[in-house]
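Because the structure is a prediction, the values reported are computed rather than measured.
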Amino acid sequence: MSTFCNYAVLRFQPYPETGEFANLGIVMLCSDGQFLQRVETQRRKRVTDFFDKLEPSVFRQARQEFTDEVRRVAELANAHTGDFVLKMGLFKHLIAPSETMFRFGPPGTIASANPEETLNELFNRYVHHEFGQREEAETRIKRRLGTLLKTHFADRTYREERLGDELYHVNFPFVWRRGEHTPRQAIRPLSFDLDDPKSILDKGDRWIMQMNRLKKHGGLPEDTVFVCQAPGDQEARKTRSYREIIAELSNTRHIRVIPEETPVPQMREMLAEAVRH
């Protein structure tokens with residue numbers, strides 16, 4: 001007999017403005033009354049490598065404190081056998097939107113004949129495999145861009161820079177200047193291979209906002225290029241969300257979008273367009 005389980009994925013998102021996050025756990029409330037949870041507490045390096053500007057000690061302490069809170073809530077729920085209303089209240093309170101580094105993604109529901117086994121399957125899918133699939137997706141794109149720029153643009157010097165002023169700034173891994181003047185070109189990879197359509201829209205909206213704010217503070221380059229990775233699957237809602245964001249980014253003056261899968265010769269030509277602007 002199947003049990004219906006509500007679940008939510010725990011995300012570590014230290015920089016909300018970038019939309020980047022790592023999945024770290026699963027919480028689950030089942031119709032048979034079980035309140036289950038599993039959080040990754042052993043592996044640290046893959047997360048701190050991904051968010052390389054974050055002090056590892058900050059991540060370790062924050063993860064321990066949040067893990068303790070998740071366990072406390074689960075123990076409290078499971079101590080009240082038969083009180084499903086209380087358990088649902090605790091579940092909703094735990095996964096409610098927050099402004100902390102740890103937050104939960106949109107909840108889902110799944111039917112299961114074995115909730116504990118399903119919890120582990122979801123954990124492996126969203127935490128281990130999913131993070132592996134996304135394993136520093138933007139870092140991989142960044143690495144390929146670095147090779148391309150060194151190979152084909154020897155006459156340009158690209159550096160990682162923080163653009164903007166003392167009030168507002170944005171980091172770009174590749175910035176090319178001519179002398180000390182306004183940056184000629186800035187390039188940044190963006191991965192939209194995310195869990196759901198809303199995450200795609202939210203991340204895109206944040207970058208559109210950041211570019212508008214950067215322009216007001218005099219830091220927008222003459223040519224800003226986002227090298228974008230599309231959602232990994234062909235789910236229709238994700239595709240629509242991605243296309244919507246790409247269209248809005250592309251319609252912003254001084255901003256261009258190049259698909260991450262563009263062959264090197266064409267990408268080289270597209271990046272070279274900055275010279276002709």
Notebook entry, point to check: At their closest point, which heavy atom of Pro189 faces which heavy atom of Ile141, and how far apart are they?
Noted result: CB-CG2, 3.6 Å
Next item on the list: Measure the shortest side-chain to side-chain distance between Glu244 and Ile200 over non-hydrogen atoms and say whether it is less than 4.5 angstrom.
Entry: no
Margin query: Under the side chain to side chain contact (heavy atoms under 4.5 Å, CB included) test against Lys215, which residue among Leu220, Thr252, Thr224, Ile255 passes?
Written below: Leu220
Note to self: With heavy-atom distances below 4.5 Å as the criterion, would you say the side chains of Met211 and Phe226 are in contact?
What the structure shows: yes
Next item on the list: Check whether any side-chain heavy atom of Leu149 sits under 4.5 Å from a side-chain heavy atom of Trp176, and report yes or no.
Entry: no
Check: Taking the six-membered ring for Trp, are Phe66 and Phe104 parallel (under 30°), tilted (30 to 60°) or perpendicular (over 60°)?
Finding: tilted
Next item on the list: Taking all heavy atoms of Ser191 and all of Glu138, pick out the closest pair and write down the distance.
Entry: N-OE2, 2.7 Å
Check: In terms of the angle between their ring planes, are Tyr158 and Phe174 parallel, tilted or perpendicular, with boundaries placed at 30° and 60°?
Finding: perpendicular
Margin query: Could you go through Glu75 and Arg72, starting from their C-alpha distance and side-chain angles, then the distance that decides it, and tell me whether this counts as salt bridge (Lys or Arg N to Asp or Glu O under 4.0 Å)?
Written below: CA-CA 5 Å; Glu75 289 172 359; Arg72 184 190 68 79; over 6 Å; no
Margin query: With rounding to the nearest 0.5 angstrom, report the CZ to CG distance, Arg256 to Asp223.
Written below: 4.0 Å
Note to self: Any carboxylate oxygen within less than 4.0 angstrom of a Lys/Arg side-chain nitrogen, looking at Asp202 and Arg11?
What the structure shows: no
Check: Are more than 12 heavy atoms from other residues, nucleotides or ligands located less than 6.0 Å from atom CD of Glu235?
Finding: yes
Check: Parallel under 30°, tilted from 30 to 60°, perpendicular over 60°: which one fits the rings of Phe91 and Phe35?
Finding: perpendicular
Check: Is there a chain of hydrophobic side chains (I, L, V, M, F, W, Y, each step under 4.5 Å between heavy atoms) that links Leu36 to Phe4?
Finding: no
Next item on the list: Taking the side chain as every heavy atom from C-beta outward, state whether Asp68 and Arg71 have any atom pair closer than 4.5 Å.
Entry: yes
Next item on the list: Evaluate the side-chain proximity of Met28 to Leu122: yes if any heavy-atom separation is below 4.5 Å, no if none is.
Entry: yes
Next item on the list: Test side chain to side chain donor-acceptor pair (under 3.5 Å) on Asn120 and Glu116 and set out the steps.
Entry: CA-CA 6 Å; Asn120 290 330; Glu116 290 191 4; over 6 Å; no
